[in-house]
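Just the heavy atoms: all of them, side chains too, but no hydrogens, waters or symmetry mates, feed the values below.
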Amino acid sequence: MKPILIFSSVLVFTLAGCSPSKVTFGNTERWLPPDFDPRTGVLMIERVYFPKTQQRKIEEYMKEKYPYAYEFIDNFSTAMKQEKYADSAKYRFFMVDSYSSTQLNRTINTSNNTYHSNTVGAFDYSFYDRLKGKRYPSTGKASSLASMTFKGIINTILKKFE
């Protein structure tokens, strides 16, 4: 993801005063599988591991807001191979996290032209449909905080299935 988009998404949430618990995403035709229905089956969600506070916030949000069946998994690839998840109709959809980092570089005009570099990380999610063997694109709404993007996805799902 381009660094300016990462920075912009964080800046928009901050400046607009928009609570992540109310944000929804309007581009569902791009990332939400057309056959996804939270009222059927169990949504599998891959855990994020850093920072640990983000996973805690995500789990608290799900417990408070999401009335449908879900389960957190440690690793998407490992879970796909476990007997527990063999029923691909019940455990059809996985929500897979992704993390990418981008290096921002800039040169400051000084007498020795000092070079500075910062690394910015962003979290996003995509869905995997086990019956179709298809991974959908990520939301394109990455954030430096996994819980911000996550809450937008869950809010969008909840709004769609009210």
Side-chain angles (χ1 to χ4, degrees), residues 1-51 53-80 85-102 120-162:
M1 171 169 248
K2 296 185 178 177
I4 192 71
L5 292 177
I6 296 167
F7 177 73
S8 298
S9 67
V10 173
L11 188 62
V12 166
F13 284 122
T14 305
L15 293 179
C18 195
S19 168
S21 358
K22 296 180 182 174
V23 170
T24 58
F25 301 148
N27 61 344
T28 56
E29 69 285 342
R30 180 179 181 273
W31 56 267
L32 189 64
D35 298 333
F36 176 77
D37 185 339
R39 300 168 292 199
T40 60
V42 179
L43 174 60
M44 306 303 295
I45 306 162
E46 190 171 34
R47 284 187 177 91
V48 294
Y49 288 100
F50 61 94
T53 57
Q54 287 300 295
Q55 182 61 32
R56 183 179 44 79
K57 287 179 182 184
I58 287 168
E59 289 183 23
E60 288 171 359
Y61 197 75
M62 286 298 280
K63 187 175 181 180
E64 178 186 342
K65 302 284 186 181
Y66 199 78
Y68 312 109
Y70 65 92
E71 189 172 324
F72 287 99
I73 58 170
D74 290 328
N75 180 282
F76 168 72
S77 299
T78 304
M80 290 281 290
Y85 306 114
D87 183 348
S88 58
K90 181 178 180 181
Y91 298 103
R92 180 173 179 181
F93 293 100
F94 281 80
M95 199 169 144
V96 184
D97 79 273
S98 63
Y99 177 82
S100 62
S101 61
T102 303
V120 177
F123 293 90
D124 205 346
Y125 292 86
S126 61
F127 282 81
Y128 181 79
D129 182 339
R130 291 180 65 202
L131 287 181
K132 292 184 176 180
K134 179 177 181 179
R135 186 167 183 166
Y136 288 81
S138 60
T139 67
K141 307 289 184 177
S143 171
S144 58
L145 298 174
S147 64
M148 288 179 69
T149 301
F150 184 86
K151 288 176 181 181
I153 293 167
I154 297 305
N155 292 343
T156 302
I157 290 169
L158 293 173
K159 184 177 179 182
K160 182 174 179 155
F161 291 94
E162 288 182 322

Does the ring center of Tyr61 lie less than 6.0 Å from the ring center of Phe150? no
Is there side-chain contact between Ile153 and Trp31, with heavy atoms separated by less than 4.5 Å? yes
Sequence neighbours excluded, the answer for side-chain hydrogen bond (donor to acceptor under 3.5 Å, both in side chains) partners of Thr78 is Asn75
Shortest non-hydrogen separation from Asp97 to Arg135 and the atoms involved: O-NH2, 4.5 Å
Tyr49 and Gln54 side chains, donor-acceptor separation under 3.5 Å: no
Applying the side-chain hydrogen bond (donor to acceptor under 3.5 Å, both in side chains) test to Arg92, which of Asp37, Asp87, Asp35, Thr40 qualifies? Asp35
Would you say the side-chain atoms of Thr149 and Asp124 include a donor-acceptor pair closer than 3.5 Å? no
Are side-chain heavy atoms of Phe127 and Lys134 found at a separation under 4.5 Å? no
Could you check if a side-chain atom of Lys141 sits within less than 4.5 angstrom of a side-chain atom of Met148, using non-hydrogen atoms only? no
Restricting to non-hydrogen atoms, name the atom on Ser88 and the atom on Leu131 that form the minimum distance, rounded to 0.1 Å. OG-CD2, 3.3 Å
Step by step, would you call Lys151 with Lys65 a side-chain contact (heavy atoms from CB on, under 4.5 Å)? CA-CA 10 Å; Lys151 288 176 181 181; Lys65 302 284 186 181; over 6 Å; no
Taking the side chain from Thr156 and the backbone from Phe25, do they hold a donor-acceptor pair closer than 3.5 Å? yes
Counting distance only, does the side-chain N/O of Asn27 pair as donor-acceptor with the main-chain N or O of Arg30 below 3.5 Å? no
Applying side-chain contact (heavy atoms from CB on, under 4.5 Å) to Leu43 and Met95, what does each step give before you reach the verdict? CA-CA 7 Å; Leu43 174 60; Met95 199 169 144; 4.3 Å; yes
If I compare all heavy atoms of Leu158 with all of Pro67, which pair ends up nearest, and what's the gap? CD2-CD, 3.7 Å
Would the distance check show the side chain of Glu46 and the main-chain N or O of Ile73 forming a donor-acceptor pair, the cut-off being under 3.5 Å? no
What I'd like to find out is whether the side chain of Tyr85 reaches to under 4.5 Å of the side chain of Lys90, using heavy atoms alone. no
Asp129 and Phe36: side-chain contact (heavy atoms from CB on, under 4.5 Å), yes or no, with the steps? CA-CA 9 Å; Asp129 182 339; Phe36 176 77; over 6 Å; no
Min side-chain heavy-atom separation Ile45-Tyr66 under 4.5 Å: no
CD of Gln55 to CD of Glu60, rounded to nearest 0.5 Å, is 10.5 Å
Give, for atom CD1 of Ile154 and atom NZ of Lys159, the distance between the pair rounded to the nearest 0.5 Å. 15.0 Å
Is there a side-chain contact between Ser126 and Phe94 in this structure, where contact means two heavy atoms from C-beta onward sitting under 4.5 Å apart? no
What I'd like to find out is whether the side chain of Tyr125 reaches to under 4.5 Å of the side chain of Val96, using heavy atoms alone. no
Contact summary for Tyr136 and Pro34, nearest pair of heavy atoms: OH-CD, 3.6 Å
For side-chain contact (heavy atoms from CB on, under 4.5 Å), just list the numbers for Phe93 and Arg130, CA-CA rounded to whole Å, side-chain angles, deciding distance to a tenth of an Å, and then say yes or no. CA-CA 6 Å; Phe93 293 100; Arg130 291 180 65 202; over 6 Å; no
With heavy-atom distances below 4.5 Å as the criterion, would you say the side chains of Tyr68 and Arg39 are in contact? yes
